[in-house]
Trainee: 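I have a structure I would like to understand better, so I am pasting it below and will then ask my questions one at a time.
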Amino acid sequence: MKAPARRSALVAWGIVAVFLISWEAGVRLMNIPVYLLPSPSHILATLADNPSMYAQASLLTLGEALIGLLLGVLAGAAIAVLLTLLPGIEDGVMTLAILMKSTPLVAIAPLLTLWLGFGVLPKIIITALLTFFPVLVNVLSGLQRVDQPFLDLFHSWRASRWEVFRYLRLPGSLPYLFAALKISAPLALIGAVVAEWTGASGGLGRTMWLAYTNLNLPYLFAAIFILAAAGMILYRLLAWAEGRAVFWQSISREL
Amino acid sequence: MKAPARRSALVAWGIVAVFLISWEAGVRLMNIPVYLLPSPSHILATLADNPSMYAQASLLTLGEALIGLLLGVLAGAAIAVLLTLLPGIEDGVMTLAILMKSTPLVAIAPLLTLWLGFGVLPKIIITALLTFFPVLVNVLSGLQRVDQPFLDLFHSWRASRWEVFRYLRLPGSLPYLFAALKISAPLALIGAVVAEWTGASGGLGRTMWLAYTNLNLPYLFAAIFILAAAGMILYRLLAWAEGRAVFWQSISREL
Amino acid sequence: MRVEVSALNHTYPGKPPRPALAGLDFSIPSGQFVALIGPSGCGKSTLLRLAANLLRPTGGSIRIDGRTPAEINAARQVAWMAQSPALLPWLTARGNVALAQRFINGQNGGLPIEDALQRVGLGDIQAAYPFTLSGGMQQRLALARLLIQPAGLWLMDEPFAALDEITRERLALELLDLWQPLHPTVLWVTHHIHEALRLADRVLVLSAAPGRLVADLLLELPRPRDESDPRFQAALSQLRTCLAQAQGEAQR
Amino acid sequence: MRVEVSALNHTYPGKPPRPALAGLDFSIPSGQFVALIGPSGCGKSTLLRLAANLLRPTGGSIRIDGRTPAEINAARQVAWMAQSPALLPWLTARGNVALAQRFINGQNGGLPIEDALQRVGLGDIQAAYPFTLSGGMQQRLALARLLIQPAGLWLMDEPFAALDEITRERLALELLDLWQPLHPTVLWVTHHIHEALRLADRVLVLSAAPGRLVADLLLELPRPRDESDPRFQAALSQLRTCLAQAQGEAQR
Amino acid sequence: AAAPTQPAPSSEPLAMTFMAGYKPQANLPFVGVYVAQQQGFFREENLTVTIEHSAGQGQHLQLLAAGKVQVTTQDAAVLLKRRADPGLPLVSIALIGQRGQQAYAALAGSGMNTPKDWQGRTIGYKGTPPPDLFAILQAAGVDENEVELVNVGFDPRLLTEGKVDVYPIYKSNEPYLIRSWGYDLTLWEAADFGVANLGLAYVTSEETLANQPELLARFLRAALRGIEYARAHPDEAVQTVLKYTGPETDADHMRFMLESELEDAVSPVTEQNGLGWQTLEQWQSLSEMLQQYDALPRLDAAQAFTTSVLQAAQEK
Ligand SMILES: Nc1ncnc2c1ncn2[C@@H]1O[C@H](COP(=O)(O)OP(=O)(O)OP(=O)(O)O)[C@@H](O)[C@H]1O
Ligand SMILES: Nc1ncnc2c1ncn2[C@@H]1O[C@H](COP(=O)(O)OP(=O)(O)OP(=O)(O)O)[C@@H](O)[C@H]1O
Ligand SMILES: [Mg+2]
Ligand SMILES: [Mg+2]
């Protein structure tokens with residue numbers, strides 16, 4: 001598996017390169033003004049010129065994103081587990097979850113600020129609110145999709161609902177959990193940014209907000225590049241962890 | 001299955017009722033001012049007072065949301081299929097997808113307006129951009145997780161990559177697809193709203209934007225209730241369709 | 001444990017509904033080793049699933065020591081081995097057996113894990129995962145999983161189907177050897193007529209689906225049994241003819 | 001098709017690595033019906049998987065009409081039936097068979113779907129889904145799926161393991177009846193010694209894992225075979241002893 | 001309503017897009033356009049105007065610079081900043097808000113009377129601390145390190161809930177809301193401390209100015225007529241505004257906004273030269289203030305505005 005892995009990494013970089021180059025070319029040829037769409041080179045230059053500023057901002061935002069993601073994942077998974085152990089309340093709780101999910105963050109963000117002040121706490125909560133839903137839905141279907149022969153086995157053992165959950169459903173739902181994590185990780189970054197978008201005293205989100213309201217797009221896109229990179233790294237880490245955790249079900253690509 | 005179904009529906013309404021009642025009570029007892037958090041009764045009254053206005057706005061927004069969702073799902077699924085048929089490019093394409101996912105919509109909204117005008121088209125595109133990622137990730141893992149015995153069977157038949165996809169991976173990925181749809185449906189509603197939030201000439205998003213900037217919260221929350229209801233209906237429809245489509249794998253709740 | 005089956009019917013829902021068992025009537029005294037034989041699809045597994053409380057009969061009843069399968073299941077007095085091994089892929093061979101042990105309440109009589117794995121000949125690959133085991137090894141693992149459960153009633157669905165004659169015979173002896181002291185009641189689905197006659201006190205023959213009882217023959221032969229014994233041969237040919245008839249009806 | 005196996009080794013990766021086959025050497029003339037017998041876990045399925053190009057050997061080679069399994073697989077001249085039925089749950093019984101038919105290039109020789117289902121005795125439940133079929137029915141369905149494939153080499157992994165004696169014998173006759181005219185080469189894994197002797201031109205016996213060839217016996221007996229024939233009985237006892245030895249080695 | 005007269009046959013029909021710099025509300029430049037549309041003043045100019053709204057932030061300027069929009073509205077100070085960086089070709093063709101829009105508010109109960117009292121208090125700002133804040137602080141002789149500055153979004157509730165002591169507001173907007181919740185306010189305005197600031201202007205791009213002066217003149221003529229009409233018929237104007245904001249918007253709120261902006265629309269300059277007039281020293285002093293407190297690069301304020309369009313509009 002080593003050689004192909006290295007090859008596909010090469011291909012990956014190739015594709016990204018092609019994308020960036022055509023972007024650069026497009027901007028130059030159609031000479032799109034910088035206040036509409038800056039060229040990648042311009043963006044990277046901006047990054048290179050303000051390393052420390054972006055480093056600090058990223059640290060804060062990524063911190064919020066990760067903690068928020070953690071909370072969101074825990075919440076989503078916890079609810080999914082609850083609904084598996086008490087299936088009666090599934091419809092009701094899902095209704096509330098969807099109500100919560102349908103509430104645009106801009107509507108609750110100020111309330112959170114009113115209650116929790118200007119610190120990082122509201123940002124973390126917003127991120128959690130944004131990330132819990134995919135985890136809830138995916139883990140729930142993962143927990144509910146069990147092969148009948150296994151259920152029969154546990155039934156013949158007179159296993160309790162909890163035991164069926166712990167020894168059968170939980171391991172079986174891992175593939176769904178990881179898919180959910182891959183979905184939520186980039187969401188968490190967005191969440192932290194959106195949370196900082198208004199009323200933060202630091203972080204990438206604030207940088208982006210200022211850059212945008214000042215129509216300073218290179219700074220805006222520099223932040224976006226950082227987000228994309230962070231998202232990519234998270235995704236790769238998750239894919240790696242998935243391979244380790246779900247060792248019994250190989251991800252088959254060769255046919 | 002009928003009786004339990006009816007029971008859980010009852011429980012569902014019960015839970016929602018409890019939630020709304022405690023909300024109402026909380027607002028009245030702590031007499032929270034309406035510009036901080038309106039009571040459900042107040043919100044519903046607002047809805048009742050402006051039926052036609054909300055009806056029109058909802059129609060527009062739901063239309064955008066559904067079309068956007070459709071596009072997003074198609075795009076996400078198509079990419080997932082592509083990556084299954086050409087696994088070499090997976091890393092590269094996922095990198096781009098995450099880059100796209102990490103770009104805050106406000107950053108591209110003006111570009112879309114510039115290219116696509118002031119109509120509903122940019123709203124639909126934004127919705128699609130918001131919804132395609134969960135579908136991509138979930139369907140991709142659904143397509144990649146196949147049991148070895150089946151792969152061996154198809155291999156012994158000398159099936160082409162396409163045939164393996166068409167007759168094995170595709171049906172096998174349905175559970176993941178439906179989970180993705182359940183995640184993306186509420187996202188689509190959010191997407192349409194967020195898209196309208198930036199200076200649309202109609203729709204729930206615009207109503208919410210105006211209501212929010214005037215701190216006219218009852219109107220804001222009335223729209224949120226509509227969104228939640230719509231999200232719930234979509235979710236139920238999807239759950240129903242899932243049961244039909246994935247008939248061979250029963251969703252087990254009784255143990 | 002005593003098993004009483006009266007007017008037992010089971011029809012699976014669906015269009016068209018599938019009748020699997022039609023009016024079974026028999027009773028098994030406690031401690032009897034009963035072999036269950038019948039054409040493919042005649043309802044043997046269904047019968048075991050009914051006894052294991054995995055299905056509710058659509059007609060008639062099963063009573064085990066006078067109680068319903070549900071009650072017996074609640075008391076964890078039945079050990080059931082499915083026709084397919086159903087091994088958890090994320091647990092090692094040993095892990096799969098160890099898991100079963102969580103579900104036995106105090107009663108003694110079950111084998112220690114180590115011992116069970118040894119007896120089925122998997123002592124040296126306890127750390128292997130199921131998907132790295134051959135078909136027969138998987139089935140033996142499932143058997144080991146059953147052996148650690150203390151129970152008054154063993155329900156075994158073709159436990160040796162995937163095994164070669166020799167392993168089969170060796171395991172059969174192991175099994176008898178475990179059965180003798182505890183003397184649980186055994187309902188043993190098999191397709192192997194010799195085996196049935198070698199092991200069982202009694203053989204029940206079912207007709208083709210929907211299963212009805214077409215023969216019920218008792219063998220008072222001492223174990224280990226001598227195949228050359230005329231009574232053995234007689235029983236053998238008798239069984240063959242019953243089965244042939246059962247099949248014949250299937251053709252009609 | 002002619003099958004030549006020389007110095008064939010296969011060891012599955014892993015810690016510890018699992019040797020499955022150790023130095024097999026034999027060759028099968030075209031059209032021969034070969035039964036493969038050996039203790040559980042000795043590498044029979046592995047051998048078939050190697051021939052079906054599902055695995056690359058870690059040593060030695062298999063040649064089929066002088067070509068590699070990959071080439072033969074590419075030409076779709078091999079039909080493989082796995083030990084587990086592997087039926088697609090979202091297709092009906094008929095659908096599962098029909099699917100296989102998409103993967104045969106023009107050659108004739110395969111049975112029509114209808115005919116195949118009739119012969120395995122599933123003619124009247126074509127619309128049923130696999131999870132509503134009994135173990136034996138599932139295996140018969142897998143068999144029908146093989147029968148529609150025209151092929152010069154049949155690789156069958158315990159096709160009758162889940163079937164009762166009678167069904168087993170009836171299907172065996174059906175199979176011979178299909179085999180006679182086309183005369184494909186057959187590699188037939190079985191645990192049923194009588195069956196092997198009833199059907200095969202030749203029986204290969206493997207030792208316990210890692211599998212080595214411990215016996216290779218030819219039977220020039222006319223079919224249908226008479227079990228009372230002394231030569232049959234001789235072969236029978238010879239096989240038993242071989243197997244016993246093979247097992248014995250396993251114990252050491 | 002003035003009986004719409006037929007457009008002059010000479011003028012050929014023209015079409016344009018006006019994008020309000022924010023959501024629909026009774027900002028005077030918006031009202032002018034709404035009313036002109038409603039009363040058919042544009043039609044009389046043989047001009048078809050499409051009205052769009054921006055989310056705030058920069059969108060309308062981007063679209064203007066890209067030529068998708070011909071006229072928008074912008075705060076004078078922001079216009080200067082955008083000209084400086086990223087160098088948008090913005091030109092003010094009429095200065096409607098002759099005074100700054102913003103002021104600083106504290107709850108009347110807070111006991112703060114002069115900016116001196118701000119010491120040790122938390123002061124909110126939106127995004128970046130605006131230059132006039134520092135101007136006020138300096139004018140009042142308060143060390144900016146003795147106040148705590150926090151970035152708050154748009155949310156006057158932060159003031160009423162006591163999260164901030166001093167909160168920047170738009171004179172024509174939040175005071176109404178906050179008072180409607182039963183609070184009294186103390187307001188401080190940059191102008192009161194001799195700090196120059198200006199309000200909203202009709203803005204076009206240098207390119208449009210160069211290529212379509214005729215179109216701009218017609219637009220401005222009709223829009224200014226709209227403002228005058230609104231001054232004469234405020235109730236009717238408010239009703240027109242509600243057509244754009246939706247019936248759920250509080251009419252009195254819009255009325256308040258309209259009236260307070262009408263006040264700020266008049267100044268010695270406009271009394272002398274007419275509504276929307278602007279002078280070099282107005283822009284000069286603004287840009288100097290910005291250079292001083294906002295580290296804005298020195299730029300030629302003369303480029304930032306033109307009176308040519310207004311003159312053309314005032315003729316005939
Ligand atoms: N995927 C695998 N990974 C590791 N070891 C394996 C794997 N598959 C099979 N083995 C090992 O290879 C050996 C032979 O396996 P194989 O399935 O060929 O046996 P078999 O002869 O078919 O046995 P049975 O009659 O029980 O089916 C066994 O020891 C088994 O544990
Ligand atoms: N879940 C099900 N739904 C519908 N029909 C079923 C189901 N399970 C089994 N049947 C039908 O019931 C009949 C008996 O099935 P059962 O598994 O008991 O047969 P069996 O005696 O175990 O056969 P075998 O020896 O092949 O395992 C068969 O006709 C089968 O098709
Ligand atoms: Mg069965
Ligand atoms: Mg095998």
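What you are looking at is a predicted structure, and each value in this text was computed from that prediction instead of being measured. In what follows, every chain begins at residue 1, and chains take the letters A, B, ... in the order their sequences are listed.
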Trainee: How about residues 187-195 of chain C versus chain D: which residues have heavy atoms under 4.5 Å apart?
Mentor: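 Residues in range: His191(C), His192(C), Ile193(C).
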Trainee: Side chain, backbone, both or neither: which part of Ser45(C) has a non-hydrogen atom closer than 4.5 Å to chain D?
Mentor: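 When you check distances to chain D, no heavy atom of Ser45(C) falls under 4.5 Å.
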Trainee: If I take atom CG from residue Asp164(D) and atom CG from residue Leu243(C), how far apart are they, to the nearest 0.5 angstrom?
Mentor: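 One finds 6.5 Å between CG of Asp164(D) and CG of Leu243(C).
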Trainee: As an exercise: rank Ala162(D), Gly14(D), Cys42(D), Gly43(D) by heavy-atom pairs under 4.5 Å with chain C and give me the winner.
Mentor: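 Maximum pair count with chain C is reached by Ala162(D).
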Trainee: What option among Glu165(D), Met137(D), Arg168(D) has the most heavy-atom pairs under 4.5 Å with chain C?
Mentor: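 Of the options given, most contacts go to Glu165(D).
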Trainee: Checking Arg240(D) now: which residues fulfil side-chain hydrogen bond (donor to acceptor under 3.5 Å, both in side chains) with it, not counting sequence neighbours?
Mentor: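 Not a single residue meets the side-chain hydrogen bond (donor to acceptor under 3.5 Å, both in side chains) criterion with Arg240(D).
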Trainee: Are Ser40(C) and Ser134(D) side-chain neighbours, meaning at least one heavy-atom pair lies under 4.5 Å?
Mentor: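 In short, these two side chains touch, coming nearer than 4.5 Å.
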Trainee: By a 4.5 Å heavy-atom criterion (distance strictly below it), what part of Glu169(D) contacts chain C: side chain, backbone, both, or neither?
Mentor: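 Glu169(D) touches chain C through side-chain heavy atoms alone.
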Trainee: Check whether Ala128(C) gets within reach of chain D through its side chain, its backbone, both or neither, counting any heavy atom under 4.5 Å.
Mentor: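 Looking at Ala128(C), backbone and side chain both touch chain D.
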Trainee: Using atom types as modelled and distance alone, determine if a side-chain donor or acceptor of Arg18(C) lies under 3.5 Å from a backbone N or O of Thr132(D).
Mentor: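 Looks like yes, one N/O pair under 3.5 Å.
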Trainee: Given heavy-atom pairs under 4.5 angstrom as the criterion, report whether the side chain, backbone, both or neither of Gln83(C) touches chain D.
Mentor: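 The side chain, not the backbone.
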